[in-house]
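Owing to the predicted nature of the structure, the values given are computational and were not obtained by experimental measurement.
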Amino acid sequence: MPDPMEPLASASVILWRPDPAGEALFEIFLLKRRGKSRFMPNCFVFPGGRVEPHDGDDPFSEKTLLCCAIRELWEEAGVILAKDPVAVTSLSDTELGEVRSGLQKGGASLDDALNRLGLAPGVGFLTPYARWITPVARKQRYDTFFYTAQMPQGQKAVSDHLETTEGIWISPLEALRQNESGEVSLAPPQVRILGELSVFKELTELDIPAVESKLEPVLPFLWTDGSTRVILLPWDPDYEKARPGDLDRLGLGCPADQATRLLHSKGRWQPLRMVA
């Protein structure tokens, strides 16, 4: 049995598509977690979840994590990253639904499910982007590897209405704006990652693998004092102190790609910047 204090291996997919309206460079698919979820209830997140035994013997091996990412995307959003994307579009909704349901129930491995449909996993469509670890203060902790992937043509991304209740396509900037206004609630990693994606100028940037240093885990520190909650990111000047230095000056509001910390305010995680 795993140590409850050790973060569990997990994978998440930043699914993107060119903005069909042309108003933004691209959109990201986000899912809203159920209000009764034990982890990040009511938050909008990227499709993903923890590694399961069927995914592989070594939960942190590249092969296992890629398998987990493809499986979770299929289970939660109904999108299959297959080696032959065109072959997926020739399958009926009934076939896809039956196999997806079996996968969600844990009765089959990803390879078994794909084999039933005459498909193979399209691991080449996943690009490593980042790695975040849940703060130590949380009871449920995950070591999550984030991958980018372009939405395959001819498929439709939808919520599974099991672990999530809603799915939306939205540009990074609009998601951040709606988080600020209270229309949506973004999980902390999503705030920072969407901020980074919001300054991309070319679609090709989404397909550039992260350099090795970028996949060094980001381990935020969660500081609480009564109802005040602040997440310090490793590049925050107060991170090593494990507490905000000036409680009367928690930071300046800033674009999310410049955030060094996040403040929980009015039910939302808001990006702040603190300069040494």
List the atom of [X], the atom of [Y], and the distance in Å for their closest heavy-atom pair.
X: Cys68; Y: Asp55; result: CB-OD2, 3.6 Å
X: Ser159; Y: Phe29; result: N-CZ, 4.5 Å
X: Trp269; Y: Val191; result: O-CG2, 3.9 Å
X: Leu232; Y: Arg243; result: CD1-N, 3.7 Å
X: Leu194; Y: Ala175; result: CD1-CB, 4.0 Å
X: Pro220; Y: Tyr239; result: C-CE1, 4.3 Å

Counting distance only, does the side-chain N/O of [X] pair as donor-acceptor with the main-chain N or O of [Y] below 3.5 Å?
X: Thr148; Y: Leu206; value: yes
X: Thr164; Y: Glu166; value: no
X: Glu98; Y: Glu95; value: no
X: Arg229; Y: Thr224; value: no
X: Thr134; Y: Tyr142; value: yes
X: Thr64; Y: Asp58; value: yes

Non-hydrogen side-chain atoms of [X] and [Y] separated by less than 4.5 Å:
X: Ile231; Y: Phe221; value: no
X: Thr228; Y: Trp223; value: yes
X: Phe26; Y: Phe200; value: yes
X: Val51; Y: Leu8; value: no
X: Met151; Y: Trp169; value: yes
X: Arg131; Y: Glu216; value: no
X: Ile28; Y: Phe46; value: yes
X: Val136; Y: Arg141; value: yes

Practice task
Report the C-alpha distance between Ser185 and Asn42 in whole Å, list the side-chain angles of each, state the deciding distance to 0.1 Å, and finish with yes or no for side chain to side chain contact (heavy atoms under 4.5 Å, CB included).
Solution key: CA-CA 7 Å; Ser185 178; Asn42 290 318; 5.8 Å; no
Indicate every side-chain donor-acceptor pair of residues 115-127 with a distance under 3.5 Å to a residue at least two apart or in another chain.
from   : atom 1 : to     : atom 2 : distance (Å)
Asn115 : ND2    : Asp111 : O      : 3.1

Using a distance-only test with no angle check, is there a side-chain donor-acceptor pair under 3.5 angstrom linking [X] and [Y]?
X: Ser109; Y: Asp112; value: yes
X: Glu183; Y: Ser181; value: yes
X: Gln104; Y: Ser101; value: no

Output yes when [X] and [Y] qualify as a salt bridge under the 4.0 Å nitrogen-oxygen rule, no when they do not.
X: Arg50; Y: Glu52; result: yes
X: Arg177; Y: Glu174; result: yes
X: Asp238; Y: Arg261; result: yes

Spell out, yes or no, whether [X] and [Y] are grouped together once hydrophobic residues are joined by side-chain heavy atoms under 4.5 Å, including indirect joins.
X: Leu222; Y: Trp132; answer: yes
X: Leu262; Y: Val218; answer: yes
X: Leu176; Y: Val199; answer: no

Under 3.5 Å, which donor-acceptor pairs do the side chains of residues 73-82 form with other protein atoms, sequence neighbours left out?
from  : atom 1 : to    : atom 2 : distance (Å)
Glu75 : OE2    : Arg71 : NH1    : 3.1
Glu76 : OE1    : Gly48 : N      : 3.0

With a cut-off of 3.5 Å and sequence neighbours excluded, list every side-chain donor-acceptor pair involving residues 11-21.
from  : atom 1 : to    : atom 2 : distance (Å)
Ser12 : OG     : Pro47 : O      : 3.0
Arg17 : NE     : Glu27 : OE1    : 2.9
Arg17 : NH2    : Glu27 : OE1    : 2.8
Asp19 : OD1    : Ala21 : N      : 3.0
Asp19 : OD2    : Glu23 : N      : 3.1
Asp19 : OD2    : Ala24 : N      : 2.7

Practice task
Take Thr165 and Arg33 through the side chain to side chain contact (heavy atoms under 4.5 Å, CB included) test and state the conclusion after the steps.
Solution key: CA-CA 6 Å; Thr165 60; Arg33 293 185 60 80; over 6 Å; no
